[in-house]
Amino acid sequence: MPMPESQPTTESRIWDPAAETQPTEARQALQLERLRALVERVAAVPFYRAHFERHDLSAARIHSLDDLRRLPFTTKDDLRRHHPFGFLTVPRSEVARIHGSSGTTGTPTFVAYTKADLALWADLCARFLVAGGLRPEHTVQVAFGYGLFTGGFGLHYGIERVGAAIIPAAAGNTRRQLTIMRDLDPEVLICTPSYALTVADGARELGIDPRSLPIRFGHFGGEPWTEDLRRDIETQLDIQAFNNYGLSEVIGPGVSGECSERTGMHLQDDHFLVECLDPDTLEPVPEGEPGELVITTLTREAMPLLRYRTRDIARLYRDPCPCGRTSVRMSRVTGRSDDMLIIRGVNLFPSQIEEALLRVEGATAHYLIEVERPGIMDELTVKVEIHRELFSDRMDRMQALRERIAHEIHAIAGIRAKVELVEPRRLERFVGKATRVIDRRHADT
Ligand code: DLL
């Protein structure tokens, strides 16, 4: 496992030593016990019950952790098909909170939590925050959105659990974020990695040296980023940058996060059983090879999931970590096995662009999505063929059409795109699967 170049100086403490340093054998016994209990609970969900009946499965037939492989996969499409609460295993009256996936798609996926789920979530966030240096005496600025997105509230209650002071600044308005920072002296920043760089840029624009800001370290997640970006953030802001990973369907942030060693993110495997599979064959990849993470939520109450296909590609590491935590660790997410793009932290499916184009008279469904990261922020360009009769030299008409398309894309996908109108048949045609996306962001990493 590669070592980061700079060694962090944050102190390493463990939030829940009994759980986090549990010997492997005891951990496996606990996982098996929890897996059996889970199989019993999810039999209440018609989707799972049908599979159990077909395959004559029950909790009593789960003898070892290998029996996990006899359980069905769950996909985002399954959740959509049983929208909104087909996977609920508790009465609605026991639901304490509902969040949604950041994918602002036509059919959202909602995730329900009981009171116990919320308590667990806060605890899991506390674990990685403490592993990455958070102490009760710190002040933390949270620049994640507070809303259906799990980032803001998830981290908020984790920080509260640790006992640190929270500034719930929420997402955006960089100038205000900087004023808050200057006035309140937070040592910790929580946001997406790309936003951390926006904060640095914003400071420079105001004539402030970003290295002079009070922030000493940050916990960043919610979108893919590279080791290069980490170095950039650390240099620009003179901080230590920690990575944390999660997804709404599983719980939100808190699935995994780095300790001060920063050699992979500790996966909280007393609560999440993780497999690393070849996305095509669905067979396990060899140890340490990249594969799709598939997660079973062992202890979630409201909406537990069996073998949820995250589509996130990463490696797993099982060698011991010098920090003393015994969990399996995961690498950075290096890609996704489906076509979902994450642009400036927002999930985008090519089908949403298609949907938007088809709402605008004059636009066609021949389009190409180009994503680049010329500076620190992702840039989305949609090239679209328009009907010949609309292709005129009247600049004002073309401009109006571009704006209508951009407006529809924003309405459907919640994202701003640059729109380029092209003449009919200018874009490549395909005999097999069409290539709709050219993503140049990771070409050099
Ligand atoms: O992004 C949960 C989260 C919020 C995690 C804040 C960390 C911090 P979703 O909106 O459902 O949930 O998006 C989940 O984002 O499947 C990954 O593809 C991607 N993702 C999340 N964290 C990371 C990360 C939240 N550290 C999807 N590195 C996931 C790479 C990440 N990708």
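The first residue of the sequence shown is numbered 1, and numbering continues consecutively from there. Predicted, not measured: the structure shown is a model, and the values here were computed from it. Atoms within each ligand, like the ligands themselves, are counted from 1 in listed order.
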Problem set entry | Stacked cation flag Arg300 on Tyr113, 6.0 angstrom / 45 deg | yes
For this session: Run down the list Gly246, Gly221, Ser256 and name the one with the heavy atom closest to atom 21 (C) of ligand 1.
Result: Gly246
For this session: Say whether, by atom type as modelled, one donor and one acceptor occur between the side chain of Arg97 and the main chain of Val111 under 3.5 angstrom.
Result: no
Problem set entry | Contacting atoms of ligand 1, where contact means under 4.0 angstrom from a heavy atom of Gly151 | 4 (C), 6 (C)
For this session: Only counting residues at least two apart or in another chain, list the ones meeting salt bridge (Lys or Arg N to Asp or Glu O under 4.0 Å) with Arg204.
Result: Asp201
Exercise. By number and element, which atoms of ligand 1 are closer than 4.0 Å to a non-hydrogen atom of Ile342?
Worked result: 15 (O), 18 (O), 19 (C)
Problem set entry | Residues that Asp67 engages under salt bridge (Lys or Arg N to Asp or Glu O under 4.0 Å), provided they are two or more places apart | Arg70
For this session: Using a strict cut-off of 4.0 Å, indicate which atoms of ligand 1 neighbour a heavy atom of Thr150.
Result: 2 (C), 12 (O)
Exercise. With a 4.0 Å cut-off, would you call Asp270 and Arg27 a salt bridge?
Worked result: no
Problem set entry | Heteroatom proximity flag, Asp312 to ligand 1, N/O under 3.5 Å | yes
For this session: Pick whichever of Ala314, Gly257, Gly222 has a heavy atom sitting closest to atom 15 (O) of ligand 1.
Result: Gly222
Exercise. Would the Tyr146 and Phe153 ring centres measure less than 6.0 Å apart?
Worked result: yes
For this session: Would you mind running through ligand 1 and noting each atom that sits below 4.0 Å from a heavy atom of Asn244?
Result: 7 (C), 8 (C), 22 (N), 24 (C), 26 (N)
Exercise. Does NE2 belonging to His82 count more than 12 external heavy atoms closer than 6.0 Å?
Worked result: yes
Exercise. Crowded around Arg211 CZ? As in, over 12 foreign heavy atoms under 6.0 Å?
Worked result: yes
For this session: Using a 4.0 Å heavy-atom threshold (strictly under), name the region of Phe149 that reaches ligand 1: side chain, backbone, both or neither.
Result: side chain
Exercise. For ligand 1, is there an N or O atom under 3.5 Å from any N or O atom of Thr310?
Worked result: no
Exercise. Under a 4.0 Å heavy-atom limit, does Glu223 contact ligand 1 with its side chain, its backbone, both, or neither?
Worked result: backbone
Problem set entry | Atom indices of ligand 1, in the order listed, that fall short of 4.0 Å to a heavy atom of Ser248 | 9 (P), 10 (O), 11 (O), 12 (O)
